[in-house]
Amino acid sequence: MPELPGKLSIFSPAKVNLHLKVKNKRSDGFHDLESVFLAVNFGDNLDFQPIDTKNAIEIKCSSGESAKTQSFNKLNIENNIIYKAVSFFREKTNFSQGLKIKLEKYIPVGGGLGGGSSNAAVTLLTLNKMAGYPLNREALLEAAATLGSDVPFFIYETPAAFVTGRGEIIEPIEAPDLHIVLVNPGFSSSTATAFKLLDEYRSGRFHTEAQRHGAIISNLFSVSSVSPCLRVMDFCNDFLKVFPEKEKSIYNNIISQLIENGAQYANLSGAGSTCFGVFENKQQAQKAADFMQNKWGFVQLCRKIDLV
């Protein structure tokens, strides 16, 4: 057993799906995806503190100011993805160190920003470091895929990636230094429900190419750095059209407001409920964020994450 460090404080970034196309449903019940993930410099904080009691785990959650409307402390800890990540890591490595984990949550729950997935990936990576790196990347990715479709992306610790399969096939790509304005309408979205709505929407229909929403954003990426299939692809989100009218109207209203305030591209992230606008100019992004702040409870200005 390696000598254990003291408390480790780790940043857990959010992600935005700049593009999300849902393909066919697989025999295992999952769907094949095609997505462009961008990690941003906004997220949660996780503290890991070794404690003396063997195999013990204490998880405490608190909400940061930007997430004050969420009910994090009502979470059932044993159903929490951090708890599951710790349990899975212990099963694979026999790592028995007692742990006290504190999660300071800023990413909206059910917001389509990968908060839980990022927390799980950070937990796996941190425990692997504490245990002396018993798992290689392949083993970590296998563990990540069992925890959730978005978790493997965060294991790669890359700012941007083209993601396929059910989320486990990661191709890191280069991305420009985009400025992002995140806007959450104040309610969460269930990923499982969104997939159900999508399947119902497509039931009895001949499934063709999804509606295209934004050609401009794809031109911001260097063609040489992006997977060939992205070179002629406009970005979209297949979930946007399947929600009930009231919910869809709110999303489209936010997206329209972002575009009216200078976003080159705006859409829904993941299966909702956070929308985003993409800006090349920080000043324009700040101006848009200030405008949106007067209309919506959660507005966050961020940019592509810097990873050393």
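A quick note: this is a predicted structure, and the numbers were derived from the prediction, not measured. The residues of the chain are indexed from 1 along the displayed sequence. These numbers come from the heavy atoms of this one structure, side chains and all, not from hydrogens, waters or symmetry mates.
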task: Quick one: pull up CG in L99 and CD1 in I57 and give me the separation to the nearest 0.5 Å.
output: 6.0 Å

- request: Please report the C-alpha distance between V86 and F95 in whole Å, then the side-chain angles of each, then the deciding distance to 0.1 Å, and finally whether the side chain to side chain contact (heavy atoms under 4.5 Å, CB included) criterion is met.
  value: CA-CA 9 Å; V86 174; F95 181 67; over 6 Å; no

message: Is it true that S9 and D47 share a donor-acceptor pair across their side chains at a distance under 3.5 Å?
response: yes

query: Mind checking whether M130 and Y133 sit in one hydrophobic cluster, side chains of I, L, V, M, F, W, Y counted as touching below 4.5 Å?
result: no

task: Begin with the C-alpha distance, continue with both residues' side-chain angles, and end with the deciding distance and a verdict on side chain to side chain contact (heavy atoms under 4.5 Å, CB included) for D238 and L20.
output: CA-CA 6 Å; D238 277 350; L20 178 54; over 6 Å; no

task: Please lay out, stage by stage, how Y201 and L197 fare under the test side chain to side chain contact (heavy atoms under 4.5 Å, CB included).
output: CA-CA 6 Å; Y201 179 87; L197 289 170; over 6 Å; no

- prompt: Do V163 and L147 belong to the same hydrophobic cluster, where Ile, Leu, Val, Met, Phe, Trp and Tyr are linked whenever their side-chain heavy atoms lie under 4.5 Å apart, directly or via other members?
  reply: yes

field: Side-chain donor/acceptor of H19 to backbone N/O of S35, under 3.5 Å
entry: no

message: Taking V183 as the starting point, is it possible to reach F187 by hopping between hydrophobic residues whose side chains are less than 4.5 Å apart?
response: yes

field: Side chain N128, main chain L135, donor-acceptor under 3.5 Å
entry: yes

task: Could you tell me which non-hydrogen atom of P50 sits nearest to which non-hydrogen atom of Q97, and how far apart they are?
output: CB-NE2, 3.5 Å

message: Apply ring-ring contact (aromatic ring centres under 6.0 Å, His included) to residues H179 and F279 and explain how you reach the verdict.
response: CA-CA 5 Å; H179 299 277; F279 301 79; 8.7 Å; no

Flag, side chain of N184 to backbone of F298, donor-acceptor distance under 3.5 Å: no

message: Please find the pair of heavy atoms, one from Y251 and one from G272, that lie closest to each other, and give the distance.
response: OH-CA, 4.1 Å

task: Mark yes or no for whether S269, through its side chain, and L113, through its backbone, hold a donor-acceptor pair below 3.5 Å.
output: no

Interatomic distance, E247 atom CD to S273 atom OG [nearest 0.5 angstrom]: 7.5 Å

field: Option from F153, F154, Y156 for which ring pair (Phe, Tyr, Trp, His ring centres under 6.0 Å) with F37 holds
entry: F153

message: Whether the side chain of Q284 engages the backbone of N261 through a donor-acceptor N/O pair (distance < 3.5 Å, no angle test) should be reported.
response: yes

task: Find out if a path of hydrophobic residues (ILVMFWY) with successive side-chain heavy-atom gaps under 4.5 Å connects F195 to V242.
output: yes

message: Closer than 3.5 angstrom, by distance alone: can the side chain of N237 be matched with the main-chain N or O of L268 as a donor-acceptor pair?
response: yes

- request: Can you spot which of L178, I180, D177 makes a side chain to side chain contact (heavy atoms under 4.5 Å, CB included) with R303?
  value: D177

message: Closer than 4.0 angstrom, basic N to acidic O: yes or no for K105 and D44?
response: yes

- request: Test side chain to side chain contact (heavy atoms under 4.5 Å, CB included) on F276 and L18 and set out the steps.
  value: CA-CA 9 Å; F276 65 92; L18 294 176; 3.8 Å; yes

Check: S189 side chain, G110 main-chain N or O, donor-acceptor pair, under 3.5 Å: no

- prompt: Is there a path of hydrophobic side-chain contacts, each under 4.5 Å between heavy atoms of I, L, V, M, F, W or Y residues, that connects V299 with I250?
  reply: yes

query: Would a distance-only check, ignoring hydrogens and angles, find a side-chain to backbone donor-acceptor pair under 3.5 Å from T123 to N119?
result: yes

- request: Test D290 against every option in K287, Q293, Q286 by the side chain to side chain donor-acceptor pair (under 3.5 Å) rule and name the one that passes.
  value: Q286

query: Can you name the closest pair of heavy atoms from I170 and A161 and give their distance?
result: CG2-CB, 3.7 Å

message: Closer than 3.5 angstrom, by distance alone: can the side chain of S118 be matched with the main-chain N or O of G115 as a donor-acceptor pair?
response: no

V109 backbone acceptor or donor facing S188 side chain under 3.5 Å: no

message: Using a 6.0 Å cut-off, check whether atom NZ of K92 has over 12 heavy atoms from anything other than its own residue.
response: no

- request: List the atom of R202, the atom of V22, and the distance in Å for their closest heavy-atom pair.
  value: NH2-O, 2.8 Å

Partner of C302 by side chain to side chain contact (heavy atoms under 4.5 Å, CB included), out of L38, N41, V16: N41

